[in-house]
Amino acid sequence: MNLYSDIFLILLSIIGLCLGSFYNVVILRSLTGESIVFPGSKCPKCQNKLKPWHNIPVLSYIFLRGKCAFCKEKISIQYPLIELSTMCIFAYSYIKFGLEWKTLFAIIVASTLLIMSMTDLKEKIVECNIAIGLAITGFIYNWFVNNTFLDSLYGLIIAVLVMEILAATGHLFKKGRAFGEADTYVAGALGACFGLTEFAQ
């Protein structure tokens, strides 16, 4: 990498850190049903609104020693981990693909999966609207960049059919699906992103 690439990588990593802080908001509020825009960030324990210097990615967690500045309640390690993970997603995508549309696509896919994985781990909930947004992103990318809209559509259809067939097997052993409908949404989204050809390989 040359000097300009190194500078861009640093800037992209910083953007990743900042967006990682936003991802934490999305993860938390998609579980509580609150708007991701308003109100501003607050301590989930004491409800005090956080100051701008309380929201500096990773650094605020270190300076506050992992505790709320107001009530001293312990702050979940999730916050800096998500911020660092997002930074790594942004940096690695650029290192892997360079200044290409594929880099942006990789960032969107990995970021979306990170958010959905965290809500699933925390509360066994996946926001289906996020999966739908990912599917739309897959269609747009494959249509305009790879010129493979039909392959993307077939990928979604096959992924959904396979997941629904597997889910239906749950009725053989218990009264209900083998897993939730959200898993089908996620599989369909990945099918739209990577297409039938990628899955077949």
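Given the structure is predicted, the values throughout are model-derived calculations rather than measurements.
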Are any side-chain N or O atoms of [X] and backbone N or O atoms of [Y], one a donor and one an acceptor, separated by less than 3.5 Å?
X: Asp120; Y: Met116; answer: no
X: Thr103; Y: Gly98; answer: yes
X: Glu73; Y: Cys68; answer: no
X: Asn142; Y: Cys193; answer: yes
X: Ser60; Y: Trp53; answer: yes
X: Glu123; Y: Ile125; answer: no
X: Ser13; Y: Met87; answer: no
X: Ser30; Y: Ile27; answer: yes
X: Asn24; Y: Tyr79; answer: yes

To check you understand the geometry: which heavy-atom pair defines the closest contact between [X] and [Y], and what is its length?
X: Ser93; Y: Ala106; result: OG-CB, 3.8 Å
X: Phe144; Y: Asn147; result: O-OD1, 4.3 Å
X: Val58; Y: Pro80; result: CG2-O, 4.2 Å
X: Val186; Y: Val126; result: CG2-CG1, 3.9 Å
X: Tyr23; Y: Ile82; result: CB-CG2, 4.1 Å
X: Met163; Y: Phe179; result: O-CZ, 3.2 Å

Does any part of the side chain of [Y], heavy atoms only, come nearer than 4.5 Å to the side chain of [X], both counted from C-beta?
X: Lys122; Y: Gln78; answer: yes
X: Cys71; Y: Asn48; answer: no
X: Phe63; Y: Ile56; answer: no
X: Ile130; Y: Tyr185; answer: no
X: Leu196; Y: Leu153; answer: no

Check for me whether the distance between the ring centres of Phe105 and Tyr141 falls short of 6.0 Å. yes
Determine whether the aromatic ring centres of residues His54 and Phe70 are separated by less than 6.0 angstrom. yes
Can you tell me how far [atom2] of [Y] sits from [atom1] of [X], rounded to the nearest 0.5 angstrom?
X: Arg65; Y: Ile75; atom1: CZ; atom2: CD1; value: 13.0 Å
X: Leu31; Y: Lys124; atom1: CG; atom2: NZ; value: 12.5 Å
X: Cys46; Y: Lys72; atom1: SG; atom2: NZ; value: 10.5 Å
X: Ile115; Y: Glu127; atom1: CD1; atom2: CD; value: 11.0 Å
X: Lys42; Y: Gln47; atom1: NZ; atom2: CD; value: 4.5 Å
X: Glu181; Y: Cys128; atom1: CD; atom2: SG; value: 7.5 Å

Hey, mind stepping through Phe90 and Leu19 against side-chain contact (heavy atoms from CB on, under 4.5 Å) and telling me if it holds? CA-CA 10 Å; Phe90 277 57; Leu19 279 178; 3.4 Å; yes
Give a yes or no on this: more than 12 heavy atoms of other residues, nucleotides or ligands lie within 6.0 Å of atom CZ of Phe149. yes
Hphob cluster co-occupancy, [X] + [Y], side-chain heavy atoms under 4.5 angstrom:
X: Ile62; Y: Leu64; answer: no
X: Leu161; Y: Ile132; answer: yes
X: Met118; Y: Leu81; answer: no
X: Ile95; Y: Ile108; answer: yes
X: Ile14; Y: Tyr61; answer: no

Please work out whether the ring planes of Tyr94 and Phe8 are parallel, tilted or perpendicular, with thresholds of 30° and 60°. tilted
So Thr86 and Phe22, side-chain contact (heavy atoms from CB on, under 4.5 Å) or not? Walk me through it. CA-CA 10 Å; Thr86 308; Phe22 173 68; over 6 Å; no
Go through the steps to decide whether Ser21 and Cys18 satisfy the test side-chain contact (heavy atoms from CB on, under 4.5 Å), and finish with yes or no. CA-CA 5 Å; Ser21 182; Cys18 294; 5.8 Å; no
Report the C-alpha distance between Phe139 and Leu134 in whole Å, list the side-chain angles of each, state the deciding distance to 0.1 Å, and finish with yes or no for side-chain contact (heavy atoms from CB on, under 4.5 Å). CA-CA 9 Å; Phe139 282 132; Leu134 179 59; over 6 Å; no
Run the numbers on Thr184 and Glu164 for side-chain hydrogen bond (donor to acceptor under 3.5 Å, both in side chains), then give the verdict. CA-CA 7 Å; Thr184 298; Glu164 283 301 294; 2.6 Å; yes
